[in-house]
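Reviewing the structure listed below.
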Amino acid sequence: MKTYVYDTTALPKSVRTDFVFGISAFWHGVRPGYYLTFLSAPPMIKLQQKVGNLSREYRINHPAAEMMYRVVNWWFVRLMSCTFFLPFYMLELERILAVWASMYWTPWIAISVVIILGIALPTGPRPDKAKSS
């Protein structure tokens, strides 16, 4: 997919990942579960990027915070993966929505809040990779 879709698509980089996941959903079939799984991945990826960017400057100066970030991130990714891979196995829209509703839409609310905060809050400058080499 990377070689034939991501690398050859003339879309902006910020949209390519979404496009590739959409193509992957189509590739698997037409059941709603496939689309909910593959189209849930881009917001989760954006969420990880936002949290990483928001906390980067603090983590650089505090090794313990970096370790805590890595542990929490690892657990968060596992939890979110379970939530967003569920539709791939269930496939039926009504059952998927019932499960997500039983969780009070918590993963979606978390993603929305962090993305909104990431847009609203400024991020610090990225460290120059050339200087650290």
Side-chain angles (χ1 to χ4, degrees):
M1 292 296 276
K2 181 185 181 308
T3 303
Y4 295 107
V5 179
Y6 186 85
D7 291 342
T8 60
T9 302
L11 295 170
K13 249 187 175 176
S14 61
V15 182
R16 284 188 205 168
T17 302
D18 302 356
F19 182 69
V20 169
F21 278 109
I23 295 294
S24 295
F26 180 74
W27 175 266
H28 279 83
V30 294
R31 304 288 299 271
Y34 297 130
Y35 289 89
L36 288 173
T37 295
F38 286 108
L39 297 178
S40 296
M44 191 170 95
I45 292 168
K46 285 179 177 58
L47 172 71
Q48 284 183 283
Q49 290 171 343
K50 291 288 183 190
V51 170
N53 289 340
L54 288 171
S55 64
R56 176 179 288 114
E57 194 165 320
Y58 183 77
R59 290 183 290 120
I60 287 172
N61 299 321
H62 300 87
E66 177 66 24
M67 181 58 127
M68 180 60 81
Y69 169 79
R70 289 176 183 263
V71 169
V72 169
N73 186 48
W74 187 86
W75 280 105
F76 180 79
V77 168
R78 297 307 169 274
L79 175 67
M80 293 303 235
S81 295
C82 291
T83 301
F84 295 132
F85 291 145
L86 177 78
F88 193 87
Y89 298 108
M90 295 183 83
L91 297 178
E92 296 173 16
L93 183 61
E94 295 79 20
R95 291 174 58 200
I96 297 163
L97 294 178
V99 170
W100 283 351
S102 74
M103 298 181 334
Y104 303 104
W105 302 94
T106 306
W108 288 107
I109 292 169
I111 284 176
S112 301
V113 166
V114 173
I115 288 175
I116 290 168
L117 283 176
I119 292 170
L121 298 174
T123 57
R126 295 191 71 158
D128 188 11
K129 293 181 182 179
K131 289 181 182 178
S132 64
S133 303

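Residues Met44 and Ser81 have side chains in contact (heavy-atom distance under 4.5 Å, counting atoms from C-beta outward). Arg95 is not listed as a side-chain neighbour of Val99, based on a closest heavy-atom distance of 4.5 Å or more. Counting heavy atoms from C-beta on, the side chains of Leu91 and His28 never come closer than 4.5 Å.
Linking ILVMFWY side-chain heavy atoms closer than 4.5 Å, directly or via other members, places Ile111 and Leu86 in a single hydrophobic cluster. Taking hydrophobic clusters as Ile, Leu, Val, Met, Phe, Trp and Tyr residues chained together by side-chain heavy-atom distances below 4.5 Å, Met67 does not share a cluster with Tyr58. Hydrophobic cluster membership differs between Leu39 and Met90, with clusters built from Ile, Leu, Val, Met, Phe, Trp and Tyr side chains linked at under 4.5 angstrom. In the hydrophobic cluster analysis, where Ile, Leu, Val, Met, Phe, Trp and Tyr join through side-chain heavy atoms closer than 4.5 angstrom, Met1 is grouped apart from Phe38. No single ILVMFWY cluster, assembled from side-chain heavy atoms under 4.5 Å apart, contains both Val72 and Leu47.
Panel note: side chain Arg59, backbone Met68; no donor-acceptor pair is recorded below 3.5 Å. Under a 3.5 Å cut-off, the side chain of Thr83 and the backbone N or O of Leu79 do form a donor-acceptor pair.
Between Glu66 atom CD and Ile60 atom CD1 the span is 8.5 Å, to the nearest 0.5 Å. Here the straight-line distance linking atom CD1 of Ile96 with atom CZ of Arg31 works out to 9.0 Å at 0.5 Å rounding. In this structure, the separation between OH on Tyr6 and CG on Leu11 is 10.5 Å, given to the nearest 0.5 Å. Taken from CG in Asn61 to CZ in Arg56, the straight-line distance is 12.5 Å, to the nearest 0.5 Å. Taken to the nearest 0.5 Å, the CZ atom of Phe85 stands 9.5 Å off from the OG atom of Ser40. Here the CD-NE2 distance, from Glu57 to His62, works out to 10.5 Å after rounding to the nearest 0.5 Å.
Surrounding CH2 of Trp74 are more than 12 heavy atoms belonging to other residues, nucleotides or ligands, all under 6.0 Å away.
In summary, the aromatic rings of Phe21 and Trp27 are positioned with their centroids too far apart to meet the 6.0 Å limit.
Between Trp105 and Trp100, the two ring planes are perpendicular [angle over 60°; tilted spans 30° to 60°].
Under 3.5 Å, the side chains of Arg70 and Asn73 contain no donor-acceptor pair of N or O atoms.
For the residue pair Tyr35 and Ala25, the shortest heavy atom distance occurs at CD2-CB, 3.5 Å.
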- Query: Taking it one step at a time, do Leu93 and Leu36 satisfy side-chain contact (heavy atoms from CB on, under 4.5 Å)?
  - Reply: CA-CA 9 Å; Leu93 183 61; Leu36 288 173; 3.6 Å; yes
